[in-house]
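Just so you know, these numbers use all the heavy atoms, side chains as well, and skip hydrogens, waters and symmetry mates. Residue numbering restarts at 1 for every chain, and letters A, B, ... go by the order of the sequence lines.
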Amino acid sequence: MDKNRKIVLAEDNSTLSLLLKFKLQKEGYEPLMAVDGKEAMKLIEEHEPALILTDIMMPFISGLEVISFVRNQLNKNTPIVVFSAAGQEDMVLKAFNLGANDFMGKPFSPNELVIRVKKLIG
Amino acid sequence: MINFQDFINYYEQSPLIIQLVWIGIVVMFFLVLIVISDLFFLRRNIRKNEAHIKKIQQKFETYLVDYLYSGNPNDEMSVEQQHIIAEIHSLLTTKLNRKQCVISLEKLKNEISGEMALAIQQLYFQLNLKQYAIANLKSRNWYIIAKAIKELSNFNVTEAQNTIALFLHHKKKELAKEARLYFVKLFNFEGLDFLNTLTTTLTEWDQIQLLSELQNFDNQQLPDCTAWLQSTNDSVVLFALKLSSIYNQFQLKDEILKLLYHPNNNIRVNGIIILSDWQVTEAKHILKEMYKTELTEVQEAFFELLENTFEPSDIPFLIENSNHSSFNIQFTALKLLRAVDVNSFQTVLQTAENKRITEFLNKS
Amino acid sequence: MDTVTVNIILETIKWLFLIYGLSVIGSYIILGIISTAETVEYFKKNSFVNYKDILSSPIAPSISIIAPAYNESLNIVENVRSLLSSHYANYDVIIVNDGSKDDSLEKLIKAYNLEKIDYLVNDQIATKPLRAGVFKSKNPAFEKLIIVDKENGGKADALNMGLNISKSQYVACIDVDCLLMEDALQKMIKPFLEADERKVIATGGVIRIANNCVIREGRLIDVNFPKKNLERAQIIEYIRSFLLGRMAWSRLNGLLVISGAFGMFDKKVAISVGGYDTNTVGEDMEIIVRMRRFMEEQHIKYRVAYIPDPLCWTEAPDNYKIFISQRNRWTRGTIEVLRKHRKLAFNPNYRALGMLSYPYWLFFERLAPIIETIGILYFLMLTFLKEVRWDYTLAFFLVAYLFTILFTIVAILSEELTYNQYKKHGTGFKWILISILEPFVLHPFILYAALRGNFDYYFKKDKKWGTMVRKGLTKKTT
């Protein structure tokens, strides 16, 4: 059976988004890009990814709502990693309370991100 | 049908005011034509510019990502990377393109850390972009200098530090601020040396930016803040208090206790807040003595301290303040009382003036 | 009275009108120049600002968004969602349901998973009491949201309830159907944070007109130039007033009003002056004047700031009936505020507030419609007496008309140079067309509404807010 290599990535910085897409593709994953929470939720529902990477502070629908959507509405245990700018500790705490699995503070190293992704879904 | 000559005759025979009005009409008519054509040209230019910027940004982004992923494992520049550098170079012929290139690089560099961030910096150097920024430092326009300083700080260009140091106390506040941010960004806590000699106010916005830069460093060892806590510049004291709080400088407890006697109310309130977080009981004793003469906002801050450092000996104090004019203090006093000594609370219920509070607390 | 005296009187009146007209034109030009200088400086200062620093700073101050709502059931859920998605860390949203007779509260409880909490409201400002109570969400994703359901008391009363409940340092008072831009809070709080010797007590910004824009689920998808002349005319009126008027007053520290649709205040000062006045229809202007007066009387250095950044999108009246009702209310509001604070007039104790701002508002805002009407009557009388020289009349009219068009297009140019919101093809022509039409399509109605406002103020004391029929901001795409 084909292992699910789909990753939904929600990030509004276009350069960063492109970089991460490249990196994840190189590592053999199938990244699906969203620029905001709404798009992310749509992609998650449609493609049922193995992992979700999301920024917390995004236009319109926040990363927190995405987590809530996945855990409470879709009732899925998909691993979720959140990005946050430095200093947003209580946002990160809320994310964990809602069910996030890991977080990476910005600025972060893309290599480190890949390591964590591998740890969560192989 | 009026012809031109008739109009001139008419004009010459009119009173002065009317003549002026007609001159005004003609002048304005031409001005209106000018601004209308300005409007159309402007819109067209903006449209062209935006299309160009979008295209060129995409190009730069793709080049950048390609560059970052076509490196050699031994850290030497690969052939492909050199090729990409040449391609980018060919695009850097206009000021606009150079600006967009720097923006693309910055967009990524601010989000990424580690070796990839260094690679982006290397690219910046390879593309010879820093010379333009350094040249801009000599501009007569303050904001061109400020933008250049910002760019140089984003890419860690240390060679410009002597030139930039000249701006540290510039009379244009924004420029001085950018210079300071440069030093903090490049030299971390050492960059804060300017605090020793600062005479102007460090606004909250300045402080936010400084703190934001400081947080990016791995080495979070704050140097001794004692001198800053004793500064004659009140804004420096406030900043030092924030540093103490964020970096948990418990050893400065005594210095901060001294600040409870400072003439500036804002400093006292901020001092109380920190001591409250650190649950410093000595603060409570000092403040109780000064309590009656304090402003309400200081008293309110003190009550928050009280919540964190509460001891049974404070109960009479609570009872005293159950009828304080400030709603917040009344509420906190009664709430605390109910939590620690139900009997006293019941007694006080009789004499408390604010029935709303007492009813509410009694119910829940 | 003999003819000589009559002639002297007529001549004097003529000269008075001329002087008034020239000073109006002069004031526009001066304010326009100062505004431009201030806007340019604002852009220079902020061209390299990274607002994200404020976002995640541990010392970013707390802000409460207070939005009163009355019978907003149609769109309240999406409006609240839009307020919750602001890019700022340390804020909360207080929705005050002001005794709505519809199912606003039920819809909110359902959409946001709300539960009633026990809450004792600090009654430092007297307001109408709670009705259903205070609600918060059980879902941590909506932790920022507080809903307050109270007995009806009007917009000012609802805002005061918000002031009582808020535990933040600053409050942003907004109309609930105003679509707030994501970075609005960051931009608005900056003037407060940059204050050094002069404390900033309030900040206002630019309000954009959302008519004909595509808004879905509380989010701006597409910006379109409106179709109706009335709506277009209001846009240029707003641009003239914001970009070539208020920016100057901000620099002169003489602002008497920031828009009622959206403004940010230092909460402590707002509460010190007793909150909003529930007895006036011009509560947004009145509280600013009162806060300024308070700071002057306390001899504390302060300023009221204004930023040219667009902060929120709101629906403007799209038919003349509602438009006139709105302007009628604005007129009554201005009269009420100027009367209530007449102690300020020409009073050197109040410095710029009394010697510059108040006189300006009195002569060029409050009295302008009256003077204009007198001018029209005077002109009609002259016509009747066959004293009119039609060629002179034409000349004066032309010069005034051309000046208006010139000024309007300069305002449009500043808008294009700064934010360029209307990017689509063809808008250039639409701008020119409406600049030419506006004096006919908008101004007469403003004059009429102002006269009605004066009449209603003096002879019909019981009139209040009137109704704004809620169409909601959601428009279908065609």
Between C/G428 and B/R43, the two heavy atoms sitting closest are N-NE, 3.7 Å
Test B/F40 against C/F429 for ring pair (Phe, Tyr, Trp, His ring centres under 6.0 Å), laying out the working first.
CA-CA 8 Å; B/F40 284 114; C/F429 291 107; 4.9 Å; yes
Strictly distance-based, threshold 3.5 Å: is any side-chain N or O of B/R356 a donor or acceptor partner for the main-chain N or O of C/V121?
yes
Whatever's closer than 4.5 Å to a heavy atom in chain C on B/I25 counts as both
- Query: Under a 4.0 Å N-O cut-off, is there an ion pair linking B/E50 with C/K423?
  - Reply: yes
In short, C/L193 meets B/T203 closest at the heavy-atom pair O-CB, 3.4 Å
Pairwise side-chain contact, C/L413 with B/L39, heavy-atom cut-off 4.5 Å (strictly under): yes
*asked:* So B/W22 and C/V399, do their side chains get closer than 4.5 Å, heavy atoms only?
replied: no
Whatever's closer than 4.5 Å to a heavy atom in chain C on B/E178 counts as side chain
Would you indicate whether the side-chain heavy atoms of B/M28 and C/F407 approach each other to under 4.5 Å? no
Margin query: What I'd like to find out is whether the side chain of C/I59 reaches to under 4.5 Å of the side chain of B/F239, using heavy atoms alone.
Written below: no
Residues of residues 328-337 of chain B with a heavy atom under 4.5 Å from any heavy atom of chain C, in residue-number order, are B/N328, B/F331
Whatever's closer than 4.5 Å to a heavy atom in chain B on C/A195 counts as backbone
Identify whether the distance between the nearest side-chain nitrogen and carboxylate oxygen of C/E194 and B/K173 falls below 4.0 Å.
no
